[in-house]
**Student:** 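Handing you this structure, nothing more for now.
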Amino acid sequence: MGVRWLCRSGRRLPCGIMMRFGLSPLSGSGLVLCCLLLGAVQSYALELNLKDSKGTCLFAKWEMNFTVSYETTDKTFKTVTISEPHNVTYNGSSCGDDQSSAKIAVQFGSAVSWNVTFTKEASYYFIDNILLSYNTSDNTTFPGAANKGSVAVNSSQRVKVPLNDIFRCNSLLTFKVDSVVQNYWDVHLQAFVQNGTVSKEEFVCEEDKPVTTVAPIIHSTVPSPTTTPTPTPTAIPTPKVGNYSVTNGNATCLLATMGLQLNLTEEKVSFVLNVNPTTTNFTGSCQPQTAQLRLNNSQIKYLDFIFAVKSENRFYLKEVNVSMYMANGSVFSTANNNLSFWDAPLGSSYMCNKEQVISVSRMFQINTFNLKVQPFNVTKGKYSTAQECSLDDDTILIPIIVGAGLSGLIIVIVIAYLIGRRKSYAGYQTL
Ligand SMILES: *[C@@H]1O[C@H](CO)[C@@H](O)[C@H](O)[C@H]1NC(C)=O
Ligand SMILES: *[C@@H]1O[C@H](CO)[C@@H](O)[C@H](O)[C@H]1NC(C)=O
Ligand SMILES: *[C@@H]1O[C@H](CO)[C@@H](O)[C@H](O)[C@H]1NC(C)=O
Ligand SMILES: *[C@@H]1O[C@H](CO)[C@@H](O)[C@H](O)[C@H]1NC(C)=O
Ligand SMILES: *[C@@H]1O[C@H](CO)[C@@H](O)[C@H](O)[C@H]1NC(C)=O
Ligand SMILES: *[C@@H]1O[C@H](CO)[C@@H](O)[C@H](O)[C@H]1NC(C)=O
Ligand SMILES: *[C@@H]1O[C@H](CO)[C@@H](O)[C@H](O)[C@H]1NC(C)=O
Ligand SMILES: *[C@@H]1O[C@H](CO)[C@@H](O)[C@H](O)[C@H]1NC(C)=O
């Protein structure tokens, strides 16, 4: 099987950036704005069209850059960006078949190489593993590196794409692993191309899905075929912070601002899903003693936060009910109505900037980031004074550390005393 190469890199405008600002690429003014702002910043697309006797067997066109931080001999940290594919070769890329995986291998000059593998299973292919290797011995790319040698950074992706679909993701995807930040955008790729021609059928990543295609259905039992929970990369980006609110008549009665990460663990395998606020709908209800916020999107059938008022004029998060669509079309549901989080006086809001973990069940937890909520007594649609979680307050750590230190010391003294007593008993017995 003769494998032919067709590689080129072209200059183009990074309009993936435009998508991040939420401008439609079709809007003329958006395009002009994009060109004005970014006209000077040109970037290069990488492109690989691998062929065999039937035609194209692996196609990819994408943009990426990495930053690598390393320590220099004068004890400072330096960051280099690897972005312009001047000296790029694609040697080692392969189409794969039923037995072996496909691979895109990119070599940037002599110091950096990058590759991604794809595997085929039944009627799907998987974007599996991204391996970035760099050699700090290379003085031109990593001048003055203190530790010289080869470093490999692995991130496993496991994105599932139907065979015969081209995977498309214009949005910026960022992964941070150790001291490396990887950016990808404008990605178009198809592995295991079946008939020698690249498919017209797109499989669009979650980040690209427009808000309008997410129907605001609640309790829908028909999972769409593309509702695959995002697989777990080793470096999970922190979720985007969303503003959610509930109105009662015309007045806002519940406010919540938070980044949400759902973690579903089955048989020691965790699926971590960042809730994308731009594609998530929210509703809810407010009553004097209880308030509810419900989120839903293409992957989450519903995610309910139920707040309650308790004695001493305080509120708290009492209950979480969740139902999610699984990759195989089944629905995972769990609930816990015996929670006790986000406790604050009525008339104030609760705030926690640090990551908090809400354990709903043995299998399901929610990680919250930059949280602020007020489920009761919202006036004029604004948050009241916030009560901050103890995690945010670093000063509390000192007494904890001192306290822990002291109790450690006391334990040591008690043990020493007990050993001493035993020894002296033993001493009496031998007498
Ligand atoms: C790398 O890519 C990101 C995302 O497009 C961009 O914001 C950044 O400026 C790029 N860095 C360089 C040095 O080109
Ligand atoms: C990589 O490919 C180029 C062009 O096909 C070739 O000249 C070069 O020898 C190859 N390098 C290696 C290490 O195989
Ligand atoms: C790293 O680069 C140095 C010098 O350029 C070379 O001698 C060494 O073999 C390289 N290491 C690896 C693992 O490629
Ligand atoms: C591939 O070609 C075969 C025969 O020409 C056809 O039956 C099949 O539907 C094609 N598959 C795709 C995905 O185009
Ligand atoms: C959320 O609301 C706050 C206050 O109204 C605002 O400052 C912030 O920019 C909003 N965030 C998003 C992501 O819309
Ligand atoms: C997900 O949950 C599992 C089991 O509780 C835990 O080991 C893992 O660290 C969690 N991952 C994240 C990103 O929270
Ligand atoms: C949460 O789920 C439980 C069990 O599925 C159900 O009994 C309860 O009514 C639900 N709570 C709300 C507020 O929907
Ligand atoms: C779907 O997968 C989950 C585990 O991820 C499993 O518990 C469930 O039984 C599966 N359902 C079907 C219909 O295969």
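Atoms within a ligand are numbered from 1 in the order they appear, just like the ligands themselves.
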**Student:** N/O to N/O below 3.5 Å, does that happen between N321 and ligand 7?
**Tutor:**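 Such a contact does occur with ligand 7.
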
**Student:** Just to be sure I read this right, does ligand 1 sit under 4.0 Å from the backbone of T67, its side chain, both, or neither, counting only heavy atoms?
**Tutor:** neither

**Student:** For E312, what residues pass the salt bridge (Lys or Arg N to Asp or Glu O under 4.0 Å) criterion, not counting sequence neighbours?
**Tutor:** none

**Student:** Could you label the plane-to-plane angle of the F332 and F364 rings as parallel, tilted or perpendicular, counting under 30° as parallel and over 60° as perpendicular?
**Tutor:**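 Because their plane-to-plane angle lies in the 30° to 60° range, the rings of F332 and F364 count as tilted.
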
**Student:** Let's go through T257 and Y383 carefully: what are the C-alpha distance in whole Å and the side-chain angles of both, what is the deciding distance for side-chain contact (heavy atoms from CB on, under 4.5 Å) to 0.1 Å, and is it a yes or a no?
**Tutor:** CA-CA 10 Å; T257 301; Y383 284 108; 2.7 Å; yes

**Student:** Tell me the residues surrounding ligand 3, counting only those with a heavy atom closer than 4.0 angstrom, sorted by chain and number.
**Tutor:**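 Protein residues near ligand 3 are N135, S137, S150.
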
**Student:** Could you tell me whether some N/O pair between N65 and ligand 1 is separated by less than 3.5 angstrom?
**Tutor:**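 So ligand 1 has an N or O lying under 3.5 Å from an N or O of N65.
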
**Student:** With heavy-atom distances below 4.0 Å as the criterion, list the atoms of ligand 7 near I306.
**Tutor:** 13 (C)

**Student:** Side chains of T136 and N147: do they bring a donor and an acceptor to under 3.5 Å?
**Tutor:**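 On atom types as modelled, these side chains do not qualify, holding no pair under 3.5 Å.
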
**Student:** Are more than 12 heavy atoms, taken from residues, nucleotides or ligands other than K54, located less than 6.0 Å from that residue's NZ atom?
**Tutor:**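 At most 12 heavy atoms, drawn from other residues, nucleotides or ligands, come within 6.0 Å of this atom.
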
**Student:** Is the number of heavy atoms from other residues, nucleotides or ligands within 6.0 Å of NZ (K103) greater than 12?
**Tutor:** no

**Student:** State, yes or no, whether a side-chain contact exists between D138 and S110 at a heavy-atom distance under 4.5 Å.
**Tutor:**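 They are in side-chain contact.
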
**Student:** Treating Q190 as the side-chain partner and S199 as the backbone partner, does any N or O pair qualify as donor plus acceptor under 3.5 Å?
**Tutor:** yes

